[in-house]
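Chain identifiers are assigned alphabetically (A, B, ...) following the order of the sequence lines, protein sequences preceding nucleic acid strands; residue numbering begins at 1 within each chain.
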Number of protein chains: 2
Amino acid sequence: MPKLDFDIITLGHGSGGLLTNKLLDSGVFHLFDNEHLQQRHDGAMLTLEGKTAFTTDSFVISPIFFPDSNIGELAVNGTVNDLAMCGAIPQYLSLSFILEEGLKMTEFWEILVSIKSAAEQANIQIVTGDTKVVERGKGDKIFINTTGIGQLHAKADIAPSNVQPGDKIIVSDSIATHGVAIMSVREGLEFESELKSDTRGLSHMVSELLDTFGVDIHLLKDPTRGGVATVLNEIARDRNLGIEILQKDLPLQNEVSALCEILGLDPLYVANEGIFIAVVKDAISEKVVEKLQSMEYGANASIIGDVTENHPKQVVLKSAIGGRRIVNMLAGEQLPRIC
Amino acid sequence: MPKLDFDIITLGHGSGGLLTNKLLDSGVFHLFDNEHLQQRHDGAMLTLEGKTAFTTDSFVISPIFFPDSNIGELAVNGTVNDLAMCGAIPQYLSLSFILEEGLKMTEFWEILVSIKSAAEQANIQIVTGDTKVVERGKGDKIFINTTGIGQLHAKADIAPSNVQPGDKIIVSDSIATHGVAIMSVREGLEFESELKSDTRGLSHMVSELLDTFGVDIHLLKDPTRGGVATVLNEIARDRNLGIEILQKDLPLQNEVSALCEILGLDPLYVANEGIFIAVVKDAISEKVVEKLQSMEYGANASIIGDVTENHPKQVVLKSAIGGRRIVNMLAGEQLPRIC
């Protein structure tokens with residue numbers, strides 16, 4: 001961390017004046033140095049080619065630090081993954097902070113370092129930003145908005161409208177890990193568990209899949225807030241088709257399953273940050289799973305179900321013992337501020 | 001306002017599940033309907049040509065409503081204006097909300113309507129977004145991030161590095177209006193004053209200037225937080241040149257001047273939302289001012305000073321009676337949460 005004249009964030013750091021400039025010079029510009037930021041203008045000038053994906057997310061997770069990660073890494077990975085879900089290669093990122101007066105500079109610095117590392121891993125460049133400060137009690141330490149730009153992969157044709165009856169539904173790795181890891185920290189269970197959030201950038205994985213399978217990948221969605229159940233319901237609703245999933249095929253770590261019982265959570269509704277749902281042509285589905293399983297973040301990839309013309313707009317879960325139940329979209333709020 | 005099942009924002013509206021979908025269907029998608037939002041995907045797919053400007057801002061102004069305007073209009077205009085300052089024509093906007101539990105739906109709706117109206121005036125399309133909700137006491141009613149994309153004007157070459165000694169500094173209209181209007185509301189003076197924030201989109205004005213004067217417009221900056229003094233200091237610092245301004249030439253409404261005295265504010269440091277600073281080639285400066293004065297938002301445009309090789313990195317104010325003083329960048333915080 002560079003030597004700074006201040007230990008905590010004050011309202012002056014959001015003034016747009018001297019203190020804002022000091023904070024930017026010693027922190028943000030120092031860390032994320034590139035030709036766009038060096039311009040020090042109100043925005044970045046970019047040269048883009050082909051079709052461009054554009055996506056935004058604000059991150060308000062509490063707590064802001066959790067085992068091995070923090071809100072900064074999450075904020076980069078979250079938007080990188082939304083670009084990947086559009087079939088795009090991440091290129092440029094904007095970064096906007098709302099800081100609460102009193103945030104420790106050491107904490108802010110740790111978050112900035114995580115942002116840098118996550119951005120480097122995803123090969124996305126931070127080119128423009130903003131910093132605001134609100135009074136104590138009017139925010140909660142730090143909120144981060146990231147907005148991303150990416151170039152559409154040459155072979156991608158990803159859209160809800162491409163989903164067809166007979167398509168297979170694949171999940172790229174074990175479900176419910178992020179939400180359960182965060183809840184464990186909130187409930188003070190983190191010392192009894194080794195569980196970590198699954199936050200990670202998925203763009204390299206998606207890019208490899210698109211290289212190999214191209215337009216046979218019909219839809220990609222990351223089941224963050226609302227979990228797998230909500231994403232599947234959105235697909236069924238938007239395409240006016242049914243979805244059937246098999247409970248036994250849902251990949252779930254033993255520890256996550258046990259913690260879900262302790263915490264009273266249904267893993268289908270728990271947020272994920274490092275997996276995606278792929279809806280693919282039946283003929284390639286086994287090969288997609290094989291490919292995913294060969295990758296670092298896809299060890300537990302599985303086909304979990306298929307798209308059907310039966311029961312349009314409904315998601316049906318078949319249990320291990322043959323029972324069937326309708327899985328609705330998340331109602332109410334299970335885990336506030338999970339991302 | 002559409003009929004809704006709820007009067008206030010609850011944590012469930014940020015769940016990503018059923019309530020989030022209801023809020024989006026009845027509010028956002030209803031109001032901002034366009035082909036990109038209809039895709040209902042994690043991001044928008046855009047076809048962009050030429051050089052692209054990319055800029056972000058989060059808005060945390062308090063109070064969220066002020067005479068004739070609100071945080072929604074401000075959030076659109078602010079990012080539209082940052083695009084304009086890059087010499088770009090606004091095209092696409094992302095919109096991300098952090099709502100505090102308990103926000104009234106009627107207030108949220110009023111803000112959404114203002115966003116729509118401001119976006120239409122600037123001819124910018126809202127194509128992707130996000131909504132998060134934090135618990136009571138962890139936010140302050142509503143924070144908004146807008147991130148914009150625009151196409152560089154064919155004749156624009158705007159960059160701090162283009163500023164030359166001898167260039168003239170022009171301000172497009174009266175200064176200090178926004179900050180003083182907001183402070184009047186906070187101090188309960190708004191009923192004695194007719195003063196309104198100057199928030200407005202500047203992209204049409206800038207576009208006309210670039211049509212006529214092209215590359216002779218060297219730099220554009222909007223003096224928001226930190227005011228005119230801070231922006232001039234940034235220019236002087238970044239180009240290692242001096243700036244001289246004449247106090248008598250600073251356009252200032254009588255009412256703003258009077259309220260600055262009452263509130264103890266120096267108008268040079270007060271935030272603006274509807275004016276810009278243009279640094280232009282000496283030879284065209286009079287014509288630029290004439291052109292600005294013919295426009296709706298430029299009635300009080302003036303040349304306020306020039307760029308000099310003397311006293312590099314310093315901004316010097318010459319008073320009406322011949323005195324000279326150095327104008328520094330804003331130190332500390334004069335008006336927290338002014339945008």
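- Both the backbone and the side chain of A:Leu11 come within contact range of chain B, with heavy atoms under 4.5 Å apart.
- For A:Lys221, the parts lying near chain B are the backbone and the side chain together; criterion is any non-hydrogen pair under 4.5 Å.
- With a 4.5 Å cut-off on non-hydrogen atoms, A:Thr230 touches chain B through its side chain but not through its backbone.
- Taking B:His13, B:His36, B:Met85 one by one and counting their heavy-atom pairs under 4.5 Å with chain A, the maximum is reached by B:Met85.
- Between B:Phe143 and A:Phe143, the two ring planes are tilted [angle within 30° to 60°].
- In terms of non-hydrogen atom pairs under 4.5 Å with chain A, the most contact-rich of B:Ala88, B:Gly129, B:Gly87, B:Ser161 is B:Gly129.
- Only the backbone of A:Leu93 comes within contact range of chain B, with heavy atoms under 4.5 Å apart.
- Contacts of A:Val231 with chain B are absent, with no heavy-atom separation under 4.5 Å from either backbone or side chain.
- Using a 4.5 Å cut-off between heavy atoms, B:Asp238 contacts chain A through its side chain alone, with no backbone atom that close.
- Side chains of B:Asp57 and A:Lys132 form a contact here, defined as non-hydrogen atoms less than 4.5 Å apart.
- Only the side chain of A:Leu219 comes within less than 4.5 Å of a heavy atom of chain B; its backbone N, CA, C and O stay farther away.
- Heavy atoms closer than 4.5 Å to chain A are found in both the backbone and the side chain of B:Val134.
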Exercise for review: I would like to know whether A:Arg40 and B:Arg237 meet side chain to side chain contact (heavy atoms under 4.5 Å, CB included); could you show each step before the answer?
Suggested key: CA-CA 11 Å; A:Arg40 301 196 68 131; B:Arg237 175 197 64 191; 3.4 Å; yes

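- In this structure the side chain of B:Arg225 never reaches within 4.5 angstrom of the side chain of A:Ser15, judged on heavy atoms.
- Remark: A:Lys51 NZ to B:Leu46 CG distance equals 8.0 Å, nearest 0.5 Å.
- From B:Leu48, atom CG reaches atom CD1 of A:Ile149 across 7.5 Å, with rounding to the nearest 0.5 Å.
- Interface check for chain A: of the options B:Gly14, B:Ala331, B:Gly226, the most heavy-atom pairs under 4.5 Å are formed by B:Gly14.
- Contact of A:Glu234 with chain B is made through the side chain alone, with heavy-atom distances under 4.5 Å.
- Residue B:Leu335: no heavy atom, backbone or side chain, is found under 4.5 Å from chain A.
- With a 4.5 Å cut-off on non-hydrogen atoms, A:Asp222 touches chain B through its backbone and its side chain both.
- Nearest heavy atom pair, residue A:Cys86 against residue B:His41, reads CA-NE2, 3.8 Å.
- The side-chain heavy atoms of A:Val60 and B:Lys138, taken from C-beta on, include no pair separated by under 4.5 Å.
- Only the side chain of A:Asn145 has a heavy atom closer than 4.5 Å to any heavy atom of chain B.
- Taking both residues in full, the closest heavy atoms of B:Gln39 and A:Ala159 are given as OE1-CB, 4.0 Å, listed atom of the first, atom of the second, then distance.
- Minimum heavy-atom separation, B:Ser58 to A:Asp130: N-OD2, 2.8 Å.
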Practice item. Walk me through it: do B:Val133 and A:Glu333 pass the test side chain to side chain contact (heavy atoms under 4.5 Å, CB included)? Key: CA-CA 11 Å; B:Val133 181; A:Glu333 173 58 297; over 6 Å; no

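- A 4.5 Å side-chain heavy-atom check between A:Asn21 and B:Asn233 finds every atom pair outside the cut-off.
- In this structure, A:Thr56 and B:Ser96 approach most closely via the heavy-atom pair OG1-CB, 4.0 Å.
- In terms of heavy-atom pairs under 4.5 Å with chain A, the best-connected choice from B:Thr147, B:Thr52, B:Leu19 is B:Thr52.
- Here the closest heavy-atom approach between residue A:Leu152 and residue B:Met45 is recorded as CD1-CE, 3.6 Å.
- Contacts of A:Thr131 with chain B are made by backbone atoms alone, with heavy-atom separations under 4.5 Å and no side-chain atom involved.
- Neither the backbone nor the side chain of A:Ile338 has a heavy atom closer than 4.5 Å to any heavy atom of chain B.
- Of the listed residues (A:Gly148, A:Gly43, A:Cys339), the one with the most heavy-atom contacts under 4.5 Å to chain B is A:Gly43.
- Listed here is the closest heavy atom pair of A:Asp42 and B:Thr55: O-OG1, 2.6 Å.
- Summarising the local packing, CD of A:Glu49 is surrounded by 12 or fewer heavy atoms from other residues, nucleotides or ligands at distances under 6.0 Å.
- Among the candidates B:Ala53, B:Gly17, B:Gly12, B:Ala44, the residue making the largest number of heavy-atom pairs closer than 4.5 Å to chain A is B:Ala44.
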